[in-house]
Protein chains: 2
Amino acid sequence: MAYADQYIEKLRKSGLRPTKQRIKICEVLFDAEKTFHFTIKELVKIIENQANIKVSLATVYNTVHAFIKKGYLKEIPLNASQSYYDTNVSHHHHFFDVEENRLIDIHQDDVDEVNIKRTIPGKKIRSVEVIAKIVSDNQSQK
Amino acid sequence: MAYADQYIEKLRKSGLRPTKQRIKICEVLFDAEKTFHFTIKELVKIIENQANIKVSLATVYNTVHAFIKKGYLKEIPLNASQSYYDTNVSHHHHFFDVEENRLIDIHQDDVDEVNIKRTIPGKKIRSVEVIAKIVSDNQSQK
DNA sequence: ATAATACATTATATTTATTCTAAACTGTTG
DNA sequence: CAACAGTTTAGAATAAATATAATGTATTAT
Ligand SMILES: [Mn+2]
Ligand SMILES: [Mn+2]
Ligand SMILES: [Zn+2]
Ligand SMILES: [Zn+2]
């Protein structure tokens, strides 16, 4: 548990006390070498599989929302039935594989700056996100 | 009810019989001079306000989904709690006013073609959508 | 360290969007 | 018009998300 201090700091900065449930959540979210996308249900399953401790749904939701508010996680709206979350909080875009229901990151560098030639009076742009839906390329013809 | 024939045709092409409930739904959706965005709840309210007939939630959901499948409506994912729908089925993008929870169309012409310099083997892009979140521009300084 | 306090966890209940069910009803076809 | 296929509907079921409130734990004060 070498990284525990970082998690404690993250929790404290989010206004949360470092309890063992929350530290476990941090381990799963921020210990991975790679960032990843998840649903709450998947996150709970990961925690259950790799930990001996029990974490209630309410705690997971509360902690995830605190991290979103603080910018340690991002929420990605894809469909109405369920939220997707992202441990990659850098500015980036996504492919969404509609057949496999899977998100794939597109680095900001891999998309030319999106130039919107229209403004709304009294409003400013806070963020711009691109979602490219992808499907199997069944080029069986020819 | 001059446009009824068009609605009947739209329904038939969607594989639906033209019942009076469905024609009423079409009137609300496709009679407007302008396209608009709506939630199911809002659509039901509009129907209730302007019609003498009763339409059940199940019928509204089923009809909306049939139209989406046929391409007469588009679904716009914005948050996990509720789906937004769009009667503008042309290729376009959106501002989303996060304070007022309101969608605003951005014509395709108002956004330079989004150039994604990355591909996924075996997959092809079906659609590309841009969502720009906007907030109040409180330029009280200076 | 101990006690007091504030905050956290949890099981459970609630809310709400969406989907399902099955009985009554309606459009279509011959 | 009869027969059939498809439709509407109220209400039930489902499932994500949030709220509640009793119990437990980290922190702070003593
Ligand atoms: Mn949604
Ligand atoms: Mn839901
Ligand atoms: Zn991502
Ligand atoms: Zn639109």
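Within every chain, numbering begins at 1; the chains are lettered A, B, ... in the order of the sequence lines, protein sequences first and strands thereafter. Basis for what follows: all heavy atoms, side chains included, without hydrogens, waters or symmetry-related copies.
- Listed by residue number, there are no residues of residues 40-51 of chain A with a heavy-atom contact under 4.0 Å to DNA chain C.
- Residues passing the salt bridge (Lys or Arg N to Asp or Glu O under 4.0 Å) test with B/K117 are A/D112, sequence neighbours excluded.
- Under the 6.0 Å cut-off for aromatic ring centres, A/H107 and A/H93 do not qualify, their centroids lying 6.0 Å or more apart.
- Between the P atom of D/dA17 and the CD atom of A/Q82 lies a distance of 6 Å, rounded to the nearest Å.
- B/T39 comes within 4.0 angstrom of no nucleic acid atom, judged by non-hydrogen atoms across all strands.
- Note: A/I106 CD1 to A/H92 NE2 = 9.0 Å, rounded to the nearest 0.5 Å.
- Within 6.0 Å of CD on A/E99 lie more than 12 heavy atoms contributed by other residues, nucleotides or ligands.
- Counting non-hydrogen atoms under 4.0 angstrom, B/L57 reaches a base of the nucleic acid.
- The interatomic distance linking B/L16 (CG) with D/dG6 (C1') rounds to 10 Å, in whole Å.
- A/I131 places a side-chain heavy atom less than 4.5 Å from the side chain of A/L78.
- No cation-pi contact links A/K123 to B/F95, judged by a cut-off of 6.0 Å to the six-membered ring centre and 45° from its axis.
- Between the axis at the start and the axis at the end of the helix from C/dA1-D/dT30 to C/dG30-D/dC1 there is an angle of 30°, using five pairs per end and rounding to 10 degrees.
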Mark up nucleotides 19-30 of chain D, 5' to 3', with B wherever a protein heavy atom is under 4.0 angstrom from a base atom, S wherever such an atom reaches only the sugar-phosphate, and - elsewhere. B------BS---

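- Counting heavy atoms from C-beta outward, A/D97 and A/V135 have side chains that stay 4.5 Å or more apart.
- Defined by atom type and a distance below 3.5 Å, a donor-acceptor pair is present between the side-chain atoms of B/N88 and B/S90.
- Counting to the nearest Å, the C1' atom of D/dT8 and the CD1 atom of B/I53 are 11 Å from each other.
- With ring centers used as reference points, B/F30 lies under 6.0 Å from B/F67.
- Residues forming a ring pair (Phe, Tyr, Trp, His ring centres under 6.0 Å) with B/Y85 (at least two apart in sequence, or on another chain): B/F38.
- Looking at A/S83 and A/E75, their side chains do bring a donor and an acceptor atom within 3.5 Å of each other.
- Atom CG of A/L11 is separated from atom P of C/dA8 by 10 Å (rounded to the nearest Å).
- For D/dT9, one of the phosphate oxygens OP1 or OP2 lies less than 4.0 angstrom from a side-chain nitrogen or oxygen of B/Q21.
- If you check residues 61-72 of chain A against DNA chain D, the residues with a heavy atom closer than 4.0 Å are A/Y61, A/H65, listed by number.
- Atom OG of residue B/S56 and atom OH of residue B/Y61 lie 11.5 Å apart, to the nearest 0.5 angstrom.
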